[in-house]
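Here's a structure for you.
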Amino acid sequence: EAGEIIRLVDLLIERRIKNSLAQLVTEWPQQTVIAKTLLNPGVPILKNHIEIVELVLVAKTTIVNGQVITEDLVESRPEPMSAYGPKGLTRIEEIIGLEATRTIRAGQKLNVSDFVAADLVRKNETVRLVIRRGALEITVETIAMENGKIGQQVLLRNPDSGKEIRGIVTGRYEARGL
């Protein structure tokens, strides 16, 4: 079908071709290939029947400005390499945990400029602080006194004692002791 990804294993390689057509595909591309038109079994593939594409990330659902990106919000879609516009993102690992800088409608291609590092800890939110000393591990529920991105130091307050301590942001609502 048109738009369907074609894999080399789905094809029968014919060594003897009766007509030597200049437009005949004689070497299969290494990149991802889709059918531009309906391809019938047993019919040689011409160069204008296929298109080289790359798998780009698109929004699976609407992503609102400020939303932190999780794996369930995005999916891959083939896009012609000749498409105009900024180059789309191709690896989901590049954007997990980042924050959207604008509202992105479902189906829209995702670009680097659509995301910034997210504040995984925000002021006045509860943060789980983990302190490790050798085999000993202590977990304390604290209150963030400031915003922080992954790897940044933040000031946290123990609500029971009122004592303020510093931690390094390790994830959403999580930090580790210094």
Side-chain angles (χ1 to χ4, degrees), residues 1-13 23-41 43 45-130 144 146-154 156 167-176:
E1 297 288 328
E4 190 174 337
I5 293 176
I6 306 168
R7 300 173 308 164
L8 186 55
V9 296
D10 296 333
L11 303 175
L12 173 66
I13 310 296
Q23 289 296 314
L24 197 61
V25 175
T26 56
E27 189 174 323
W28 197 252
Q30 294 295 315
Q31 301 96 328
T32 304
V33 176
I34 63 168
K36 284 173 80 173
T37 62
L38 174 66
L39 300 177
N40 293 311
V43 177
I45 298 174
L46 302 180
K47 292 176 183 173
N48 65 347
H49 289 166
I50 63 172
E51 187 166 25
I52 297 173
V53 298
E54 64 180 341
L55 295 175
V56 297
L57 296 176
V58 297
K60 192 185 293 185
T61 62
T62 298
I63 299 170
V64 296
N65 186 14
Q67 187 170 2
V68 176
I69 304 304
T70 57
E71 207 168 322
D72 61 321
L73 295 174
V74 299
E75 62 188 351
S76 290
R77 177 181 74 195
E79 180 176 278
M81 293 191 71
S82 60
Y84 294 106
K87 184 174 176 1
L89 293 167
T90 58
R91 294 182 26 244
I92 194 164
E93 301 82 31
E94 295 175 306
I95 61 168
I96 295 297
L98 296 182
E99 185 177 308
T101 58
R102 65 181 183 91
T103 298
I104 304 165
R105 292 188 315 274
Q108 276 189 310
K109 180 171 68 169
L110 305 178
N111 299 303
V112 174
S113 62
D114 295 333
F115 305 98
V116 294
D119 284 331
L120 297 179
V121 168
R122 294 191 177 124
K123 187 175 181 175
N124 297 323
E125 288 182 339
T126 300
V127 176
R128 194 176 99 226
L129 176 67
V130 178
E146 56 193 359
N147 296 339
K149 299 175 184 345
I150 193 126
Q152 285 185 328
Q153 278 192 32
V154 290
L156 305 166
I168 296 177
V169 178
T170 57
R172 185 76 174 124
Y173 309 117
E174 295 178 352
R176 69 176 161 81

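Quantities reported herein were computed from a predicted structural model and do not represent experimental measurements.
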Problem set entry | Any donor-acceptor N/O pair, R77 side chain to V56 backbone, under 3.5 Å | no
For this session: Please test S113 against N111 for side-chain hydrogen bond (donor to acceptor under 3.5 Å, both in side chains), starting from the C-alpha separation and ending with a verdict.
Result: CA-CA 5 Å; S113 62; N111 299 303; 5.1 Å; no
Problem set entry | Spacing of I168 atom CD1 and L129 atom CG [to the nearest 0.5 Å] | 10.5 Å
Problem set entry | CD/E1: more than 12 non-hydrogen atoms of other groups inside 6.0 Å | no
For this session: Mark yes when over 12 heavy atoms from residues, nucleotides or ligands other than E94 sit less than 6.0 Å from its CD; otherwise mark no.
Result: yes
Exercise. What are the two closest heavy atoms between V68 and A118, and how far apart are they?
Worked result: CG2-CB, 3.9 Å
Exercise. Take atom CZ in R102; do more than 12 heavy atoms of anything else shown fall under 6.0 Å from it?
Worked result: yes
For this session: Mind listing the closest non-hydrogen atom pair of I69 and I95 along with its distance?
Result: CB-O, 3.5 Å
Problem set entry | Derivation of the side chain to side chain contact (heavy atoms under 4.5 Å, CB included) call for R172 and R122 | CA-CA 9 Å; R172 185 76 174 124; R122 294 191 177 124; 3.3 Å; yes
For this session: Give a yes or no on whether a salt bridge exists between E99 and K149, defined as a side-chain N under 4.0 angstrom from a carboxylate O.
Result: no
Exercise. With side chains defined as the heavy atoms from C-beta onward, is the minimum distance between L89 and V74 less than 4.5 Å?
Worked result: no
For this session: Begin from the C-alpha positions of I63 and D114 and carry the test side chain to side chain contact (heavy atoms under 4.5 Å, CB included) through to its verdict.
Result: CA-CA 10 Å; I63 299 170; D114 295 333; over 6 Å; no
For this session: I would like to know whether E174 and V169 meet side chain to side chain contact (heavy atoms under 4.5 Å, CB included); could you show each step before the answer?
Result: CA-CA 6 Å; E174 295 178 352; V169 178; over 6 Å; no
For this session: Verify, without hydrogens or angle tests, whether N65 (side chain) and T103 (backbone) share a donor-acceptor contact under 3.5 angstrom.
Result: no
For this session: Mind listing the closest non-hydrogen atom pair of A59 and I104 along with its distance?
Result: CB-CG2, 3.9 Å
For this session: Quick one: pull up NZ in K60 and CD in E71 and give me the separation to the nearest 0.5 Å.
Result: 8.5 Å
For this session: Search all heavy atoms of T90 against all heavy atoms of E54 and return the closest pair with its distance.
Result: CG2-OE1, 4.1 Å
Exercise. Nearest 0.5 Å, what's the CD1-CZ distance between I96 and R91?
Worked result: 11.5 Å
Exercise. Could you state the interatomic distance from CD (E125) to CG (N147), rounded to the nearest 0.5 Å?
Worked result: 8.0 Å
For this session: Tell me, with the steps shown, if T61 and L73 meet side chain to side chain contact (heavy atoms under 4.5 Å, CB included).
Result: CA-CA 6 Å; T61 62; L73 295 174; 3.7 Å; yes
Seminar exercise, completed: Nearest heavy-atom contact between S76 and L57 is OG-CD2, 3.8 Å
Problem set entry | E93 atom CD, over 12 foreign heavy atoms within 6.0 Å | yes
For this session: Specify the closest pair of heavy atoms between G3 and I34, including all atoms of both residues, with the distance to one decimal.
Result: O-CG2, 3.8 Å
Problem set entry | Atom pair CD (E146) and CG (L156), whose distance is rounded to the nearest 0.5 Å | 8.0 Å
For this session: Please examine the side chains of V58 and Q108, heavy atoms only from C-beta on, and report whether any two atoms are closer than 4.5 Å.
Result: no
Exercise. Between atom CD1 of I6 and atom CD1 of I50, what is the distance when rounded to the nearest 0.5 Å?
Worked result: 6.5 Å
Problem set entry | Validation row: T170, V130 side chains within 4.5 angstrom (heavy atoms) | no
